[in-house]
Amino acid sequence: TEISNTVLNYIAYPNPAAEKVTIEFELPQTANVRIELLDMKGALVKPIANQTFNGGKQKLLLNVSDIAKGVYNCVITVNGTRKSIRLQKD
């Protein structure tokens, strides 16, 4: 499966962020989605979502005010396909 067919328009903003990050993504059809915030070593910092989303545009709000300043990877997994956004916490 092509990544572009699984998750479309995966974005996170503002980036860098201090308190809240909006995560947006689009699914071609209903799918189980896992989104996690990982440190640069790949360790889980914060689980964001692990649930079924309907097809279409989705938007989640992530509170990052409680994590340390630094660079993280916000990873989305849909049907075994992973896509990552590098996110900076200020």
Side-chain angles (χ1 to χ4, degrees):
T1 304
E2 290 289 318
I3 290 178
S4 58
N5 292 343
T6 306
V7 184
L8 306 171
N9 305 322
Y10 177 46
I11 58 171
Y13 61 89
N15 191 3
E19 293 185 5
K20 289 187 172 31
V21 175
T22 300
I23 297 168
E24 291 185 4
F25 58 95
E26 197 172 337
L27 300 170
Q29 69 244 351
T30 299
N32 188 59
V33 176
R34 191 170 75 238
I35 305 174
E36 299 167 316
L37 193 65
L38 307 177
D39 67 17
M40 295 312 289
K41 295 176 185 169
L44 179 65
V45 174
K46 180 181 273 203
I48 301 166
N50 189 1
Q51 65 194 77
T52 300
F53 286 92
N54 292 326
K57 291 184 178 179
Q58 304 294 336
K59 187 186 280 193
L60 299 173
L61 199 60
L62 168 62
N63 182 358
V64 293
S65 63
D66 56 342
I67 64 170
K69 290 182 181 182
V71 179
Y72 298 89
N73 281 317
C74 192
V75 179
I76 188 168
T77 306
V78 181
N79 299 329
T81 302
R82 290 165 57 102
K83 208 169 185 182
S84 179
I85 293 175
R86 190 160 285 185
L87 192 63
Q88 183 172 328
K89 164 65 169 38
D90 279 353

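Numbers here are sequence positions counted from 1. Source: prediction; values computed, not measured.
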Could you go through residues 61-68 and list every donor-acceptor pair under 3.5 Å that involves a side-chain atom there, pairing it with any protein atom two or more places apart or in another chain?
from, atom 1, to, atom 2, distance (Å)
Asn63, OD1, Ser65, N, 2.9
Asn63, OD1, Ser65, OG, 2.7
Asp66, OD1, Lys46, NZ, 3.0
Asp66, OD2, Lys46, NZ, 3.3

Could you state the interatomic distance from [atom1] ([X]) to [atom2] ([Y]), rounded to the nearest 0.5 Å?
X: Asp90; Y: Lys69; atom1: CG; atom2: NZ; answer: 7.0 Å
X: Ile35; Y: Leu60; atom1: CD1; atom2: CG; answer: 5.0 Å
X: Asn32; Y: Thr77; atom1: CG; atom2: OG1; answer: 9.5 Å
X: Ile76; Y: Leu27; atom1: CD1; atom2: CG; answer: 6.5 Å

Residues passing the ring pair (Phe, Tyr, Trp, His ring centres under 6.0 Å) test with Tyr72, sequence neighbours excluded, are none

Donor-acceptor pair, distance only, cut-off 3.5 Å: does the side chain of Asp39 make one with the backbone of Lys41? yes

Of all heavy-atom pairs between Ala17 and Pro14, which one has the smallest distance, and what is that distance? CB-O, 3.3 Å

For Ala12 and Leu87, work out which heavy atoms get closest and say how close. CB-CD1, 4.2 Å

Is it possible for you to say whether Val33 and Leu38 belong to one hydrophobic cluster, with membership spreading through side-chain heavy-atom contacts below 4.5 Å? no

Does any pair with a residue in residues 7-16 pass side-chain hydrogen bond (donor to acceptor under 3.5 Å, both in side chains), and if so which ones, sequence neighbours excluded? Asn9-Glu26, Tyr13-Glu24

